[in-house]
Protein chains: 2
Amino acid sequence: METDQLIIPKATAKRLPLYYRFIQNLYQSGKQRVSSAELSEAVKVDSATIRRDFSYFGALGKKGYGYNVQYLLSFFRKILNQDEITKVALIGVGNLGTALLKYNFTKNNNTKIVCAFDANQEKVDQKFGDITVYPMDSLEQILSTEEIQVVILTVPAPVAQLVTDRLAKTGIKGILNFTPARLTVPSNIRVHHIDLAVELQSFVYLIKHYSNEEVVVGD
Amino acid sequence: METDQLIIPKATAKRLPLYYRFIQNLYQSGKQRVSSAELSEAVKVDSATIRRDFSYFGALGKKGYGYNVQYLLSFFRKILNQDEITKVALIGVGNLGTALLKYNFTKNNNTKIVCAFDANQEKVDQKFGDITVYPMDSLEQILSTEEIQVVILTVPAPVAQLVTDRLAKTGIKGILNFTPARLTVPSNIRVHHIDLAVELQSFVYLIKHYSNEEVVVGD
DNA sequence: CATAGTAGGTGAATATGTTAACAAAAATAA
DNA sequence: TTATTTTTGTTAACATATTCACCTACTATG
């Protein structure tokens, strides 16, 4: 919440959860130490990039040895706020929304979808595990009482901006937008687009127009 | 398919489908011309970036006028191969897989999921529109006869690499990987990861650690 | 036809990200 | 202990991407 003094490059920040997950696996499998080379093999990120990423947080490893798995794990847990769960709401319980509700984000993760909203009366009051679907009327009220900061938006594209305008008046900090709409938001709200059609289409473009110089993994 | 002479920066390539979709909207709404500033407002990409992106394809616009919508549209249609549909297969008809099957990619899009696969006998032979679910046994055979080049992978993480190894022996060119597994593939196959848990978690990290210097949209 | 205004294309500056290469330090082996 | 190997952390080179700022060409107007 506090404006951190230590600013990590965005590209690095995006890889942190990936590192965290893999370090967890290592720990669970009983491994004591790991080198940047091994990690690289597993997460498909260049080992120099991994060392550079880690080095933003100081000297986490030991020369000639590598990184201590348990130490790394506890360090990343702190960095990624794993102890404090971030509450998330999901708006739009359609096909994708439902899939995300059933997706167990909390596993290996500090985020949890705690409530959902839908305009369709038939979907209201449905339950997905311990998540209840509420009517759109109650949006502002519940977001406020639940103190929700992040919203996953999976509504139909034509209403995306309308819903966003309502969200803009709440205490929301970020919108993870799965709709194709490019949202207009006030500057205190951050938007991250995951546009599945664009992802698929640009992937196809890449495949058709670039000879395989090299295996490209990740973004 | 041919090793294109004209190589566009990857960052630009990823934005092309976005531009295309918006130009389509403009065209359908009867607009004749558009400036990079207007486009910028709509797709939330800096206008200079848009002009630079377009300029890789030559001079598409006219100074003092902007871009002709119809011309842009037909140009991008060609660029993005909109006339030839790319066949896609989906493997793993779980929650997310099902959502993607119901997602109408073909609308505004040159890609179509033509078949699906699942290991669960109960899901085999189900129909989603005109898409049939086949058993995993028939994977290689159907991918080959359907001449499929791109696969969407939505299987459970523990079997992702196993399925990938089978895919590696087919004529597949690309895997759109929605599983958390980081796949090992031969160099003739391209992988693009969309890791929803990582996306959510790194988004939360961003929100918590970066003061809102500016609204950040997109990747 | 002249003039004011608009808006694309692009060189140059800046910003961001990745990677090779290597010195230093620690681990390991002999 | 000493030599050898391993592996980090980091400098410097490189690669990619974004943005500014401006020139130029065209449009629109009177």
Side-chain angles (χ1 to χ4, degrees), chain A residues 6-16 18-19 23 26 31-69 71-72 75-76 202 205-206 209-210 213-219, chain B residues 6-16 18-19 23 26 31-72 75-76 202 206 209-210 213-219:
Chain A
L6 164 76
I7 285 291
I8 299 307
K10 298 225 173 84
T12 297
K14 285 203 212 166
R15 286 187 289 262
L16 296 181
L18 188 62
Y19 296 147
I23 294 162
L26 283 181
K31 216 154 179 320
Q32 306 271 325
R33 60 187 260 191
V34 65
S35 68
S36 60
E38 282 176 277
L39 252 131
S40 169
E41 171 60 25
V43 299
K44 314 290 181 193
V45 170
D46 187 276
S47 69
T49 302
I50 293 178
R51 292 199 300 280
R52 158 105 40 230
D53 283 348
F54 285 11
S55 78
Y56 290 115
F57 301 101
L60 304 183
K62 218 187 259 179
K63 302 186 181 191
Y65 175 89
Y67 301 89
N68 178 286
V69 172
Y71 178 73
L72 263 194
F75 193 86
F76 274 90
S202 61
Y205 181 85
L206 228 72
H209 292 76
Y210 293 71
E213 317 97 43
E214 254 315 308
V215 188
V216 177
V217 180
D219 284 51
Chain B
L6 165 75
I7 286 291
I8 298 308
K10 297 224 173 84
T12 297
K14 285 203 212 166
R15 285 187 290 263
L16 297 181
L18 187 63
Y19 295 148
I23 294 162
L26 283 182
K31 216 154 179 319
Q32 307 270 324
R33 60 188 257 192
V34 66
S35 68
S36 60
E38 281 176 277
L39 252 134
S40 170
E41 171 60 25
V43 300
K44 314 289 181 193
V45 171
D46 188 276
S47 69
T49 302
I50 293 177
R51 293 199 299 281
R52 167 89 56 207
D53 283 348
F54 285 10
S55 78
Y56 291 116
F57 301 100
L60 304 183
K62 220 187 256 180
K63 302 186 181 190
Y65 175 88
Y67 301 90
N68 178 286
V69 172
Q70 175 153 31
Y71 179 73
L72 264 194
F75 193 85
F76 274 89
S202 61
L206 227 73
H209 292 76
Y210 293 71
E213 316 99 42
E214 255 312 309
V215 188
V216 177
V217 181
D219 285 52

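What you are looking at is a predicted structure, and each value in this text was computed from that prediction instead of being measured. Below, chain A is the first sequence line, B the second, and so on; all start at residue 1.
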Between [options], which nucleotide has the shortest distance from any of its atoms to the side chain of [X]?
X       : options                : answer
B:Lys63 : C:dT18, D:dT24, D:dT8  : D:dT24
B:Ala11 : D:dT19, D:dT8, D:dA17  : D:dA17
B:Lys62 : D:dC26, D:dA17, C:dT19 : D:dC26
B:Arg51 : D:dG9, D:dA21, C:dA20  : D:dA21

Heavy-atom check, side chain of B:Arg15 versus side chain of B:Val45, under 4.5 Å: yes
A:Leu72 and A:Phe54, any side-chain heavy atoms less than 4.5 Å apart: yes
Sugar-phosphate only, base, or nothing, as touched by B:Phe54 at under 4.0 Å among non-hydrogen atoms: nothing
Touch class at under 4.0 angstrom, heavy-atom based, for A:Ser36 against every strand present: sugar-phosphate
Nearest-Å distance, [atom1] ([X]) to [atom2] ([N])?
X       : N      : atom1 : atom2 : value
A:Asn68 : D:dT8  : CG    : P     : 13 Å
B:Leu39 : C:dT6  : CG    : C1'   : 16 Å
B:Phe57 : C:dT10 : CZ    : P     : 14 Å
B:Asp46 : C:dT16 : CG    : C1'   : 16 Å
B:Gln32 : D:dT27 : CD    : P     : 15 Å
A:Ile8  : C:dA15 : CD1   : P     : 19 Å
B:Tyr56 : D:dT16 : OH    : P     : 11 Å
A:Ile50 : D:dT8  : CD1   : P     : 9 Å

[N] phosphate, OP1 or OP2, under 4.0 Å from [X] side-chain N/O:
X       : N      : answer
B:Tyr67 : C:dG9  : yes
B:Thr49 : D:dT18 : no
B:Arg33 : D:dA28 : yes

Residue closer to the 5' end of DNA chain C, A:Gly64 versus A:Asp53 (nearest nucleotide): A:Asp53
Interatomic distance, A:Arg51 atom CZ to A:Ser40 atom OG [nearest 0.5 angstrom]: 9.0 Å
Shortest non-hydrogen separation from B:Ala13 to A:Ser202 and the atoms involved: O-CB, 3.9 Å
Under 3.5 Å donor-acceptor pair, B:Arg52 side-chain atoms to C:dG11 base atoms: yes
Side-chain donor/acceptor of B:Glu38 to backbone N/O of B:Ser35, under 3.5 Å: yes
